[in-house]
Undergrad: 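Got a structure for you, written out below as structure tokens; questions coming shortly.
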Amino acid sequence: QVQLVESGGGSVQAGGSLRLSCAASGYTSSYYCMGWFRLAPGKEREGVAAIHTGSGNTYYADSVKGRFTISRDKAKNTLYLQMNSLKPEDTAMYYCATDAAAYHCRRGYLFNTGPSNYWGQGTQVTVSS
């Protein structure tokens, strides 16, 4: 049973930084796609960032490129999202997600293709102007 537990959300002023963490357990695949998507009221789900655990390739939405960095500590099986230069439009619930089908990994991936997807409970990020 795959479990993902996010932490690190909170409230910050515009221009500030936050780091999200996601502790993963129960995964048996050799390679998979891990990443983050976000949901904000009145907006569509947005794939923020993803990383292919085999190649290490990373993918970013245009809206966060240059400001957010996704990384993974393989030994701790923990995924991170470093968010800098935060903007009010980054306000959303952020979800850590994985997909056993690693070939799905790409820019803007929504982690919504089916039974190979898992995500955590989400962590709220609020950016005030």
Side-chain angles (χ1 to χ4, degrees):
Q1 181 75 14
V2 175
Q3 288 191 321
L4 304 169
V5 179
E6 300 101 331
S7 60
S11 297
V12 66
Q13 288 193 327
S17 299
L18 285 172
R19 188 176 82 154
L20 306 183
S21 300
C22 172
S25 62
Y27 232 102
T28 58
S29 298
S30 297
Y31 301 124
Y32 45 97
C33 185
M34 295 187 78
W36 301 86
F37 67 87
R38 63 188 181 186
L39 283 172
K43 295 184 179 180
E44 295 185 351
R45 178 190 294 203
E46 181 180 19
V48 175
I51 183 168
H52 188 292
T53 63
S55 65
N57 289 344
T58 56
Y59 308 87
Y60 296 95
D62 288 341
S63 58
V64 307
K65 200 167 186 178
R67 301 188 296 121
F68 291 11
T69 302
I70 188 171
S71 62
R72 175 177 171 252
D73 185 325
K74 185 177 179 181
K76 295 181 180 179
N77 212 13
T78 300
L79 184 72
Y80 301 100
L81 185 68
Q82 178 65 44
M83 306 185 293
N84 298 330
S85 302
L86 282 162
K87 304 175 181 180
E89 51 263 43
D90 294 318
T91 296
M93 185 73 81
Y94 284 72
Y95 295 86
C96 172
T98 68
D99 188 339
Y103 63 88
H104 285 157
C105 238
R106 60 186 180 276
R107 181 168 59 94
Y109 182 45
L110 298 177
F111 292 90
N112 61 349
T113 53
S116 66
N117 304 140
Y118 298 90
W119 52 84
Q121 82 285 355
T123 185
Q124 178 68 38
V125 171
T126 302
V127 184
S128 58
S129 57

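The first residue in the sequence is number 1, and the count goes up from there. All values reported here derive from a predicted model rather than from experimental measurement.
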Undergrad: When rounded to the nearest 0.5 angstrom, what distance separates OH in Y95 from CZ in F37?
TA: 6.5 Å
Undergrad: Got a second to check how far C22's SG is from D73's CG, nearest 0.5 Å?
TA: 12.5 Å
Undergrad: Do other residues, nucleotides or ligands put more than 12 heavy atoms under 6.0 Å from E89 CD?
TA: yes
Undergrad: Taking all non-hydrogen atoms of both residues into account, name the closest pair between C96 and E6 and its distance.
TA: N-OE2, 2.8 Å
Undergrad: Of the non-hydrogen atoms in Y109 and C33, which two are nearest, and what is the gap between them?
TA: CD2-SG, 4.3 Å
Undergrad: Output, in order, the C-alpha distance, side-chain angles, deciding distance and verdict of side chain to side chain contact (heavy atoms under 4.5 Å, CB included) for T126 and Q124.
TA: CA-CA 6 Å; T126 302; Q124 178 68 38; 3.4 Å; yes
Undergrad: What is the minimum heavy-atom distance between R67 and L86, and which atoms define it?
TA: NH1-CA, 3.9 Å
Undergrad: Could you check whether the rings of F68 and Y94 sit parallel, tilted or perpendicular, using 30° and 60° as the cut-offs?
TA: tilted
Undergrad: Rounded to the nearest 0.5 Å, what separation is found between the CG atom of D90 and the OG atom of S63?
TA: 7.0 Å
Undergrad: Decide whether M83 and L4 are clustered together by the hydrophobic rule: side chain heavy atoms of Ile, Leu, Val, Met, Phe, Trp, Tyr closer than 4.5 Å, transitively.
TA: yes
Undergrad: Can you list every pair that meets side-chain hydrogen bond (donor to acceptor under 3.5 Å, both in side chains) and has a residue in residues 76-88, with sequence neighbours left out?
TA: S17-N84, Y32-N77, Q82-N84
Undergrad: More than 12 non-hydrogen atoms from neighbouring residues, nucleotides or ligands closer than 6.0 Å to CD on Q121, yes or no?
TA: yes
Undergrad: Are H104 and D99 close enough, and set up right, to give a side chain to side chain donor-acceptor pair (under 3.5 Å), and what steps lead you there?
TA: CA-CA 8 Å; H104 285 157; D99 188 339; 2.6 Å; yes
Undergrad: Roughly how far, to the nearest 0.5 Å, is CZ of R45 from CE of M93?
TA: 13.0 Å
Undergrad: Could you tell me which non-hydrogen atom of A49 sits nearest to which non-hydrogen atom of L81, and how far apart they are?
TA: CB-CD1, 4.1 Å
Undergrad: Show, in sequence, the C-alpha distance, side-chain angles and deciding distance for T98 and W119, and conclude whether the side chain to side chain contact (heavy atoms under 4.5 Å, CB included) test is met.
TA: CA-CA 6 Å; T98 68; W119 52 84; over 6 Å; no
Undergrad: List the atom of T113, the atom of S116, and the distance in Å for their closest heavy-atom pair.
TA: OG1-OG, 4.2 Å
Undergrad: Grab the two heavy atoms, one from F111 and one from G35, that are nearest each other, plus how far apart they are.
TA: CZ-N, 3.5 Å
Undergrad: Once you round to the nearest 0.5 Å, how far does CD1 of I51 lie from CG of L79?
TA: 7.0 Å
Undergrad: Counting only heavy atoms not in R106 (residues, nucleotides, ligands), do more than 12 fall under 6.0 Å from its CZ?
TA: yes
Undergrad: Using a 4.5 Å cut-off on heavy atoms from C-beta on, say whether the side chain of M34 contacts that of T53.
TA: yes
Undergrad: Can you check whether Q13 reaches V127 side chain to side chain, under 4.5 Å on heavy atoms?
TA: no
Undergrad: Roughly how far, to the nearest 0.5 Å, is the CZ atom of R107 from the OH atom of Y59?
TA: 11.5 Å
